[in-house]
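Contents: one structure, followed by commentary.
Each ligand, and each atom within it, is numbered from 1 in the order the structure gives.
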Amino acid sequence: MRLYLGCHLPAGSGYLAMAKTALSIKANTFQYFTRSPRGGTARALDRDDIAAYNLFSAENGIGTIVAHAPYTVNLCSDKTQIREFARAVMREDLERLQYVDNVVYNFHPGSHVGQGQDQGITMITDALNQVLTEEIKTPVLLETMAGKGSEIGRSFGELAQIIDGIVLKNKIGVCMDSCHVHDAGYDVVNKLDDVLDAFDRLVGLNRLQAFHLNDSKNESGSGKDRHAKIGEGTIGLEAMVGMIRHPKLRHLPFNLETPNELDGYAGEIALLRSLAGE
Ligand code: FE
Ligand code: FE
Ligand code: ZN
């Protein structure tokens, strides 16, 4: 089976342009921000571009792509206005994604900013119950977080708690970030099978729909969230190859979010493909 490997692309000039950029670096998936990572208004919706992209991606073997919500989305802020903004952004993003084929929508669950984990989880669940509708076709993915500051989602148990409170559970999935789970304290270097078993018990591997492939600048359990280039961090090349080759993971879209420009990503994709036996 072909590996779906790509990277986070800088906000380009549209879907078709991003797909062509992806192909130019031998990527067959990619991730992009739905709008500036710090929020703001989304680009004008270009239905012609999206239609052209849908055709082009199918013809060129591009798999599931990942739309990443801006970092400013915080469904469990202590400020009403910020929570309202977060819900509005997610609603609008999901409305626009209705036209895009094979896309998942990934977001950071949120930071409780001192209100406590339980309150944070309740707020996230309530907000998702307001945002999700039966009509939405794009899976909404909670990203596994490193646990920096008051981030929710550092443990699989927290993700399970969020999902547990959601009414339309069939709309919800998870995106696993290798740097984040490592920094949160899961031993993905020596015990990937155990980590995946724990994930399966608490969340369910059937919910895992995307993967962020990043090495880490810090030790496991540091709670830091600083991405390193593949093979240059504390996770290391061998463990990263073990992830993309893992029978329980290898069907997923893997996107690099390593500190690279396009040529650096091209190099990492080539290296990983060759080590994965492609
Ligand atoms: Fe992210
Ligand atoms: Fe990530
Ligand atoms: Zn990160």
Quiz item: Do H8 and F33 have their ring centres less than 6.0 Å from each other?
Solution: yes
Quiz item: Any N/O/S atom, backbone or side chain, of C179 lying under 2.8 Å from the Zn ion (ligand 3)?
Solution: no
Quiz item: Quick check: does D225 put an N/O/S atom under 2.8 Å from the Zn ion (ligand 3)?
Solution: yes
Quiz item: Do any N/O/S atoms of H212 come under 2.8 Å of the Fe ion (ligand 1)?
Solution: no
Practice problem: Please confirm if an N, O or S atom belonging to C175, backbone or side chain, lies less than 2.8 Å from the Fe ion (ligand 2). | Solution: no
Quiz item: Of all N/O/S atoms in E143, which lies nearest to the Fe ion (ligand 1)?
Solution: OE1
Practice problem: Considering just N/O/S atoms, say which atom of D177 is closest to the Fe ion (ligand 2). | Solution: OD2
Quiz item: Does a side chain donor of either E257 or N214 reach within less than 3.5 Å of an acceptor in the other side chain?
Solution: yes
Practice problem: Return yes when atom CZ of R87 has more than 12 non-hydrogen atoms of other residues, nucleotides or ligands closer than 6.0 Å, and no otherwise. | Solution: yes
Quiz item: Any N/O/S atom, backbone or side chain, of H227 lying under 2.8 Å from the Zn ion (ligand 3)?
Solution: yes
Quiz item: Mind checking whether I62 and N102 have side chains closer than 4.5 Å, heavy atoms only?
Solution: no
Quiz prompt | Aromatic ring proximity, centroids under 6.0 angstrom, Y15 and Y32 | solution = yes
Quiz prompt | N/O/S atom name from H180 that is nearest to the position of the Zn ion (ligand 3) | solution = NE2
Self-check item: Closest approach to the Fe ion (ligand 2) by E257, given as the N, O or S atom name
Solution: OE1
Practice problem: Tell me which N, O or S atom of H108 sits nearest to the Fe ion (ligand 1). | Solution: NE2
Quiz prompt | Donor-acceptor contact below 3.5 Å, side chain Y186 vs main chain D194 | solution = no
